[in-house]
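The next block holds one structure in the form of structure tokens; read it before the comments.
Here is the naming used below: chain letters follow the sequence lines, and residue numbers restart at 1 for every chain.
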2 protein chains.
Amino acid sequence: MQETARARATEVPAQTARNAGRRPEIDREQIIQAALTLVGPNRSVATLSLREVAREAGIAPNSFYRHFRTVDELAVALIECAGRSLRTIIGAARQRVGRGQSVIGSSVEVFLAQLDAEDQFLHILLREGNVGSREFRQAVEHQLCFFEDELKVDLVRLVSLNGGAVHNPDATARAMTRLVFAMGTRALDMTAAERRALAEETVTMLRMIMVGTLAMGS
Amino acid sequence: MQETARARATEVPAQTARNAGRRPEIDREQIIQAALTLVGPNRSVATLSLREVAREAGIAPNSFYRHFRTVDELAVALIECAGRSLRTIIGAARQRVGRGQSVIGSSVEVFLAQLDAEDQFLHILLREGNVGSREFRQAVEHQLCFFEDELKVDLVRLVSLNGGAVHNPDATARAMTRLVFAMGTRALDMTAAERRALAEETVTMLRMIMVGTLAMGS
DNA sequence: TGACTGTATATACGATTGTATAGTAATATA
DNA sequence: TATATTACTATACAATCGTATATACAGTCA
């Protein structure tokens with residue numbers, strides 16, 4: 001019976017009495033919050049231990065299993081939170097952009113502003129994309145694909161409005177997304193001044209891709 | 001006396017009798033090799049424990065301190081090995097490239113061929129750039145800068161030979177490097193067939209940057 | 001041949017980890 | 001009200017960790 005504790009967490013409540021029993025005193029969100037304060041701005045999620053999270057959340061170690069099967073599952077939940085949060089922010093910023101403004105410039109600006117604001121979620125997406133379990137990495141990859149898709153739609157619409165054409169929308173959006181995330185990750189280790197320079201350089205890079213894809217599209 | 005064991009590792013041998021004492025039975029290289037087999041193709045260097053490495057290397061845990069102050073120092077050594085190895089390979093490939101061939105295409109090809117060959121070092125550079133201690137991350141960053149510099153030189157020379165001009169050589173080389181590493185990291189989780197598709201897409205991306213920087217350079 | 005010196009090992013300690021086991025507190029339903 | 005069900009805690013255990021301490025071994029040099 002190695003799976004006892006884990007199995008309990010996924011048991012489907014018997015339909016006959018699914019409102020029975022003691023009420024939860026804590027929910028996933030609170031555990032996620034505890035995990036967030038633990039990882040802080042620099043620490044890796046992969047270094048979180050079950051006991052540590054439980055301690056921070058103020059529950060007994062075993063109670064953790066009521067809410068997550070493993071620490072990995074918590075990590076995936078963290079990543080999903082992070083992705084949702086960032087997409088909301090970037091999406092809102094895109095809508096604010098007037099027709100005359102540069103989508104590229106303002107998106108990068110918002111991205112780095114979020115960095116400066118020491119967003120709880122952002123660094124998780126940035127740092128942890130390449131390590132940890134397979135599930136873990138796929139969760140991050142999944143979030144990045146969301147960004148790519150949204151950017152692609154924006155890109156195609158914007159360019160066709162101006163009568164141009166993008167060479168390979170998928171590759172273009174992906175290149176831009178990955179580049180921004182790569183640069184954003186470097187920014188985590190930088191001072192505010194260095195970040196500004198980095199932002200400028202990133203915009204230059206994105207412009208190269210934009211000019212290139214437009215030239216190749218015609 | 002918390003630093004006793006660590007201090008011993010850096011003691012400068014007294015000049016009066018520096019040939020005295022028992023000869024080392026193991027050297028850093030062997031420990032690095034042990035660490036490499038432990039991390040395998042997927043595991044993170046950050047998860048290595050001192051005891052584990054010592055076990056694999058066939059030495060007592062404390063003997064580790066004779067060669068490295070901390071596991072972090074071992075990790076940095078691993079990264080330096082990895083960078084040196086990859087640069088040698090890519091450099092050799094570049095020299096083989098005839099004047100008519102595409103530097104971009106063949107570089108990416110070599111890069112991904114190295115992936116397929118399950119190179120011991122490559123995945124370390126790819127996966128671990130964003131986690132671990134500050135020292136650790138800086139070591140990876142340092143290696144990437146080497147790549148950028150070499151690429152920049154190649155780029156400027158190649159383009160000026162054809163009478164063109166690159167817009168911003170630094171940004172161009174950096175964008176290309178970071179993009180290749182980002183894509184290479186994704187490739188680690190892929191099958192051979194998926195990797196081929198990814199390689200094509202990556203070449204497309206790099207071409208966009210190339211076309212863009214050339215257009216902006218004139 | 002000692003004495004000295006650097007290398008490696010054996011042993012041990014306290015801390016922390018994940019989790020198995022058993023028991024208590026709280027609630028809806030019969 | 002009695003019972004079933006759920007949420008949670010307390011305790012315990014074996015494993016692993018980094019490393020302090022002490023000791024044995026293998027060389028060089030006097």
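Look at CZ on B/Phe64: it is 18 Å from P on C/dA10, rounded to the nearest Å. Summarising the geometry, the separation between CD1 on B/Ile26 and C1' on C/dT9 is reported as 13 Å, rounded to the nearest angstrom. Atom pair B/Arg66:CZ and D/dC25:P shows a separation of 17 Å (rounding to whole Å applied). Counting to the nearest Å, the C1' atom of D/dA7 and the CD1 atom of A/Ile59 are 11 Å from each other. Between the CD atom of B/Glu73 and the P atom of D/dG18 there is a distance of 15 Å, rounded to whole Å. Going from atom CZ of B/Arg69 over to atom C1' of D/dG18 covers 16 Å, rounded to whole Å. For A/Asp72 and C/dT19, the CG to P distance is 11 Å, given to the nearest whole Å.
If you check C/dT7, C/dG18, C/dA25 against the side chain of A/Tyr65, the one that comes closest is C/dG18. In the set C/dT9, D/dA7, D/dT28, the nucleotide with an atom closest to the side chain of B/Ala60 is C/dT9.
Heavy-atom contacts from other residues, nucleotides or ligands closer than 6.0 Å to CD of A/Glu200 number 12 or fewer. Counting heavy-atom neighbours within 6.0 Å of A/Glu109 CD, excluding the residue itself, gives a total of 12 or less.
When each of B/Glu25 and A/Glu25 is assigned the nucleotide of DNA chain D with its nearest heavy atom, A/Glu25 is the one assigned upstream, toward the 5' end. Residue-to-nucleotide proximity on DNA chain C shows that, of B/Arg22 and B/Ser63, the 5′-proximal contact is made by B/Arg22.
Between the A/Arg87 side chain and the A/Phe147 main chain, no donor and acceptor come within less than 3.5 Å of each other. When atom types are taken as modelled, the side chain of B/Thr213 and the backbone of B/Ile209 share no donor-acceptor pair closer than 3.5 angstrom.
Here the straight-line distance linking atom CZ of A/Arg178 with atom CZ of B/Arg186 works out to 4.5 Å at 0.5 Å rounding.
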With the criterion being N/O to N/O and under 3.5 Å, what pairs connect the protein with nucleotides 11-17 of chain D, and how long is each?
residue: D/dC17; atom: OP1; partner: B/Ser49; partner atom: OG; Å: 2.7
residue: D/dC17; atom: OP2; partner: B/Arg55; partner atom: NH2; Å: 2.8

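Of the N and O atoms on the side chains of A/Asn130 and B/Thr185, not one donor lies less than 3.5 Å from an acceptor on the other residue.
Distances shown here put every side-chain N or O of B/Arg23 at or beyond 4.0 Å from the OP1 or OP2 atom of D/dA26. Applying the 4.0 Å criterion to OP1 and OP2 of D/dC8, one finds that A/His67 has a side-chain N or O inside that range.
Screening B/Val76, B/Leu74, B/Leu50 against B/Phe68 for a side chain to side chain contact (heavy atoms under 4.5 Å, CB included) leaves a single residue, B/Leu74.
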